[in-house]
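The figures that follow rest on heavy atoms only: side chains count, while hydrogens, waters and symmetry mates do not. All residue numbers in this chain count up from 1 along the given sequence.
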Amino acid sequence: MKNFLIPTTLKDDTISAVKWAINQAKKSDCEIVLMMIAETPDSFSSSNFLREMRTGLTKSQEEVLATCRYMIDHTQNCKIKIHNQYGISSPVFRGIIDHFSVKLIILSNSYKQETKRIHHYLIQLAGNQKCPILHLGNEQFREDFNKALYIENSNANMHVKDVQQFLNDNFSYEIVSQASKTEDLENMTPLSEAISKYEIDLLVETRKGEKIKFKKSKKQNINEKLGLPILSLYEELV
């Protein structure tokens, strides 16, 4: 069973994230977990604590959730789970991944644009987990994604063959080109040319755990600049 975790605030692109999960599951059984997270209410009164925890959905959120339920209800091998989480920490997040046997975390573009601190914290916690992460791009969902560009970290101690073997075992992507990671996001011409030449659908990168930091200004990353989804693999897992 391949299960998926989608942190969400139920924006429209949650629907694309669910479509990605359904497509990745292929014909195998899976559970798609939509996780909505909020700060733990700061209250000494148990009744007030429970009162503050009751947060309803807006009409647009209800429509997105209804669409997700409809898609999954009409996919024979998939089930949906709604998980409401109050407060988060590294051990708690790791426990959620283990409890639901999550094999892939999917982060939508809108979720990464959320302004609340707890969402930024969750994204950084996700990066320190060994679970693969799929960062969705700006493009609409397509079913025929299979050609990947491997973006190699200069300090990564692994070969592209090892990454391809992991993809063969867990996904259906083929690395058709590779490039070195660059911090200069203003000069993306070499990457853009490779993407056009090889008709790249997906970027693949490896990552290491990092110390969690909260920055005042958000740094744009490669997949946001190029608009393509990027599959991030934890190096120790590969």
Exactly one candidate in H119, K116, E114 meets side-chain hydrogen bond (donor to acceptor under 3.5 Å, both in side chains) with T9; the answer is E114
CD1 of I6 to NE2 of H83, rounded to nearest 0.5 Å, is 14.0 Å
Side chain to side chain contact (heavy atoms under 4.5 Å, CB included) with V64: of L34, L10, T58, only one passes, and it is L10
Does any part of the side chain of L231, heavy atoms only, come nearer than 4.5 Å to the side chain of E205, both counted from C-beta? no
Value for CG (D162) from CG (L233), rounded to nearest 0.5 Å, stands at 11.5 Å
Between the side chains of N168 and Q164, does any donor sit under 3.5 Å from an acceptor?
yes
Within-4.5 Å side-chain heavy-atom neighbours: I151 and Q178: no
Can you give the donor-acceptor pairs under 3.5 Å from side chains of residues 66-76 to other protein atoms, not counting sequence neighbours?
unit_1	atom_1	unit_2	atom_2	d
T67	OG1	E63	O	2.9
H74	ND1	Y70	O	2.8
T75	OG1	M71	O	2.8

To the nearest 0.5 Å, atom CZ of F93 lies from atom CE of M35 at 5.0 Å
| field | I106 vs L5 side-chain heavy atoms within contact, under 4.5 Å | value | no
query: Is E199 salt-bridged to K147, going by a charged N under 4.0 Å from an acidic O?
result: yes
- Task: Check whether NZ of the Lys or CZ of the Arg K2 lies under 6.0 Å from the centre of the six-membered ring of F171 and within 45 degrees of that ring's axis.
- Result: yes
Minimal heavy-atom distance between L134 and P229, with the atoms involved, is CD1-CB, 4.3 Å
- Message: Measuring only between side-chain heavy atoms, which start at C-beta, is V18 closer than 4.5 Å to I80?
- Response: no
Determine whether K112 and I123 make a side-chain contact, defined as any pair of heavy atoms from C-beta on separated by less than 4.5 Å. yes
Q. Between D13 and S110, is any side-chain donor less than 3.5 angstrom from a side-chain acceptor?
A. yes
| field | Side-chain heavy atoms of I32 within contact of N3, under 4.5 Å | value | no
Is there side-chain contact between Q129 and S90, with at least one heavy-atom pair below 4.5 Å?
yes
Are the side chains of Q85 and V92 in touch, meaning some heavy atoms are under 4.5 Å apart?
yes
CG of L202 to CD1 of I175, rounded to nearest 0.5 Å, is 9.5 Å
